[in-house]
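Heads up: numbering here begins at 1 and tracks the sequence.
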Amino acid sequence: MNDEAIIQQRIVGRSARAIARAQGCTLAEVSKVLDRFTETTIDDKTRKHTLALELARLDELQETFYARALEGDVACGALITKIIERRCVMLGLYTPQTATLQVIEGEAPRETSTERLRAAIDRIRGKTHQDDPPVTDQDDPPSTH
């Protein structure tokens with residue numbers, strides 16, 4: 001099993017299963033090789049070095065196109081804006097816009113003053129709601145007077 005061959009095959013896009021078959025090893029062994037490669041390739045120092053180099057490259061690009069942007073070159077102005085945005089993203093200064101959803105519950109329909117007056121008059125008159133059965137004399141208990 002050749003670690004460098006496994007890594008190169010994976011870099012060009014070959015699947016881990018195909019690599020295992022070609023190398024005559026298990027899929028787990030291919031994964032272990034890739035894990036070792038990752039641990040030595042990506043660490044905190046590598047991230048910092050890469051960030052510093054990419055920021056320096058953006059600085060050089062910005063220096064090249066900034067003066068032309070100030071002179072009115074629209075394409076250069078757009079490029080400078082992109083460079084600034086990229087730098088902000090890389091440094092964690094740019095937070096994507098978010099949508100805030102607000103749920104506003106509708107109020108129950110309020111009783112109008114006319115409806116309140118009608119209800120008060122109905123109570124005074126002893127009138128019942130439409131859903132109630134009509135009141136008859138037979139329903140009334142006999143008077144004890």
Check side chain to side chain contact (heavy atoms under 4.5 Å, CB included) between I42 and all other residues, then give those that pass, not counting sequence neighbours. T38, R47
Under 4.5 Å side-chain linkage, directly or through intermediates, the cluster mates of V74: none
Do K82 and R86 come close enough that some side-chain heavy atom pair is under 4.5 Å? no
Can you get from I84 to L91 by hopping between Ile, Leu, Val, Met, Phe, Trp and Tyr side chains that sit under 4.5 Å apart? yes
For atom CZ of R36, is the number of surrounding heavy atoms from other residues, nucleotides or ligands below 6.0 Å larger than 12? yes
Find the distance between CZ (R110) and CD (E115) and round it off to the nearest 0.5 Å. 13.0 Å
Within residues 68-80 or reaching into it, pairs that qualify as side-chain hydrogen bond (donor to acceptor under 3.5 Å, both in side chains) - sequence neighbours excluded: none
Which atom of I80 lies closest to which atom of Y66, heavy atoms considered: CD1-N, 3.6 Å
Hey, what do you get for OG1 (T26) to CZ (R17), rounding to the nearest 0.5 Å? 11.5 Å
Side chain to side chain contact (heavy atoms under 4.5 Å, CB included) filter on I19, not counting sequence neighbours, yields I6, Q9, R10, R14, Q23, V30
Could you check whether atom CD of E111 has more than 12 heavy atoms from other residues, nucleotides or ligands sitting under 6.0 Å from it? yes
With sequence neighbours left out, write down each residue that passes side chain to side chain contact (heavy atoms under 4.5 Å, CB included) with I11, or none if nothing qualifies. I7, Q8
What distance separates T41 OG1 from L34 CG, expressed to the nearest 0.5 Å? 10.0 Å
Which donor-acceptor pairs under 3.5 Å do side chains of residues 50-61 form with protein atoms, sequence neighbours excluded?
{"unit_1": "T50", "atom_1": "OG1", "unit_2": "T46", "atom_2": "O", "d": "2.8"}
{"unit_1": "E54", "atom_1": "OE2", "unit_2": "R57", "atom_2": "NH1", "d": "2.5"}
{"unit_1": "D59", "atom_1": "OD1", "unit_2": "R87", "atom_2": "NH2", "d": "2.7"}

